[in-house]
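Taking it in order: structure first as structure tokens, then the write-up.
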Amino acid sequence: TVVVAGGPHVSGVKEAALSECGHFDFGVVGEGEETFALILRALREGRKVLGLPGTMSRDGGGAIVRASPRPFIRDLDTLPFPAWDLLPGFPKRYEANLFFSPGGPSATLVTSRGCPFHCAFCDQSTFGNEYRAFSPEYVFRAARTLQRDYGVRYLVFCDDTFTVNRSRVLKICELLSTLRPKVAWSCDANVMTVDREMLRAMRRAGCWSVSFGLESGSREVLASLDKDIDLVRAAEVIRWTSAEGIRPNG
């Protein structure tokens with residue numbers, strides 16, 4: 001059996017992932033959709049994987065060779081929805097963490113990739129720091145599919161920072177507001193990227209909870225983390241969030 005490893009750990013440690021685990025035949029560094037498809041095609045056709053952009057392989061002498069990186073996917077809307085139908089018992093067998101969910105059939109969605117911020121504790125080796133996003137229409141179609149076809153009543157948006165693009169957030173909220181029954185949801189945000197109007201729109205669209213990357217109340221600690229947020233603004237945003245009927249988490 002050919003074993004291909006990918007994801008944040010492999011993208012972060014790169015060659016070490018293969019050197020520390022001989023059971024991995026190949027590694028995928030960065031976004032995996034296009035790279036993994038090319039690996040499968042090469043294996044089916046009896047061609048070498050060695051040298052395919054975005055991959056790590058072993059040469060004839062067992063040395064690990066990392067190929068050139070694969071460019072990021074520019075148009076994320078070209079990607080199909082996740083194959084939810086291949087998850088046995090979905091969604092009931094996949095309960096959301098109560099920290100993020102009020103309960104009920106739930107699912108997760110990643111609607112953007114990359115984060116423009118540079119917090120010292122965060123690894124960006126998989127998606128980079130250039131913000132790329134699925135269109136609001138794509139996000140709505142995914143949410144509607146989960147609601148209608150799978151009975152999902154709660155969504156967890158797992159974007160690093162859901163609120164980077166204000167106009168996009170407002171359009172997503174406008175579209176989600178049309179769902180009947182309404183779907184509740186939560187997301188992660190940076191306090192410097194939200195305002196009262198956005199929070200109000202999010203609440204109308206079903207937002208139940210927002211997790212803010214506060215990290216600390218100490219300016220010194222924030223500076224050591226390269227976390228560029230204003231503490232006065234942070235307190236204000238928490239008050240706004242609560243006042244709009246959304247549960248704030250830090």
Side-chain angles (χ1 to χ4, degrees), residues 7-8 33 76-77 79-113 115 122 126-127 133-191 193-215 237-250:
E33 290 92 351
L76 294 177
D77 280 15
L79 296 174
F81 292 157
W84 295 303
D85 60 300
L86 298 182
L87 296 174
F90 177 80
K92 291 184 178 179
R93 283 184 60 188
Y94 302 83
E95 296 183 13
N97 187 318
L98 290 178
F99 182 77
F100 299 110
S101 168
S106 62
T108 58
L109 279 178
V110 179
T111 76
S112 65
R113 296 180 177 182
C115 180
C122 184
T126 303
F127 293 142
F134 293 86
S135 69
E137 291 75 19
Y138 184 105
V139 176
F140 172 72
R141 290 195 302 271
R144 183 177 60 188
T145 298
L146 287 166
Q147 180 218 42
R148 293 183 179 179
D149 297 353
Y150 297 95
V152 167
R153 292 291 174 263
Y154 189 83
L155 289 172
V156 181
F157 290 116
C158 297
D159 307 40
D160 288 340
T161 309
F162 182 75
T163 52
V164 169
N165 186 319
R166 185 178 189 276
S167 61
R168 176 178 176 272
V169 172
L170 294 177
K171 183 61 177 179
I172 290 174
C173 289
E174 176 187 330
L175 294 170
L176 290 179
S177 295
T178 66
L179 288 176
R180 296 292 182 274
K182 190 174 290 187
V183 174
W185 51 278
S186 67
C187 66
D188 292 351
N190 182 302
V191 294
T193 63
V194 301
D195 55 53
R196 190 77 182 257
E197 181 186 357
M198 181 192 291
L199 289 166
R200 188 170 295 128
M202 290 166 61
R203 178 57 182 163
R204 286 198 300 266
C207 183
W208 173 80
S209 172
V210 178
S211 295
F212 294 104
L214 302 176
E215 322 310 346
V237 167
I238 294 297
R239 286 193 293 269
W240 289 346
T241 305
S242 183
E244 294 300 334
I246 300 173
R247 173 183 172 179
N249 295 315

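We use all heavy atoms of the structure for the numbers below, so side chains are in, but hydrogens, waters and symmetry mates are not.
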Chi angles and distances behind the side chain to side chain contact (heavy atoms under 4.5 Å, CB included) call for F134, L79: CA-CA 9 Å; F134 293 86; L79 296 174; 4.2 Å; yes
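- Residue Y94 comes nearest to L87 through the heavy atom pair OH-CB, 3.7 Å, listed as atom of the first residue, atom of the second, then distance.
- Ring planes of W84 and F90: parallel class, angle under 30° (limits at 30 and 60°).
- A heavy-atom distance below 4.5 Å is not found between the side chains of V194 and V210.
- Separating the CG atom in D195 from the CZ atom in R200 is a distance of 9.5 Å, to the nearest 0.5 Å.
- Annotation: side chain of S106 is not in contact with side chain of V156 (no heavy-atom distance under 4.5 Å).
- Proximity of D188 to F162: side-chain heavy atoms (C-beta onward) are nowhere separated by under 4.5 Å.
- Between the side chains of S112 and D159, at least one donor N or O sits under 3.5 Å from an acceptor N or O.
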Stepwise, does the side chain to side chain contact (heavy atoms under 4.5 Å, CB included) test hold for C173 with W185? CA-CA 11 Å; C173 289; W185 51 278; 4.2 Å; yes
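- The side-chain heavy atoms of P248 and R239, taken from C-beta on, include no pair separated by under 4.5 Å.
- A side-chain donor from one of S186 and Y154 sits under 3.5 Å from a side-chain acceptor of the other.
- Nearest approach of P8 to T126, heavy atoms of both residues: CA-OG1, 3.3 Å.
- Atom NZ of K182 sits in a crowded spot, with more than 12 heavy atoms from other residues, nucleotides or ligands closer than 6.0 Å.
- Atom-to-atom distance recorded for T178:OG1 and R144:CZ is 8.0 Å, nearest 0.5 angstrom.
- Annotation: the span from R141 atom CZ to L146 atom CG amounts to 13.0 Å, rounded to 0.5 Å.
- At a threshold of 4.5 Å between non-hydrogen side-chain atoms, the residues V169 and T193 do not count as touching.
- In this structure, the separation between CG on L175 and CG on L170 is 11.0 Å, given to the nearest 0.5 Å.
- Residues K171 and E174 are paired through a salt bridge, judged by an N-O separation under 4.0 Å between the basic side chain and the carboxylate.
- Between the CD1 atom of I172 and the CZ atom of F140 there is a distance of 11.5 Å, given to the nearest 0.5 Å.
- Smallest separation of non-hydrogen atoms from V191 and F212: CG1-CD2, 3.7 Å.
- Between E244 and M202 there is no side-chain heavy-atom pair separated by less than 4.5 Å.
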Apply side chain to side chain contact (heavy atoms under 4.5 Å, CB included) to F157 and V139, showing your working. CA-CA 10 Å; F157 290 116; V139 176; 4.0 Å; yes
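- From D85, atom CG reaches atom OH of Y150 across 4.5 Å, with rounding to the nearest 0.5 Å.
- For the pair T163 and A189, the tightest heavy-atom approach, listed with the atom from each and the gap, is OG1-CB, 3.4 Å.
- Residues P181 and Q147 share a closest heavy-atom pair of O-NE2, 2.5 Å.
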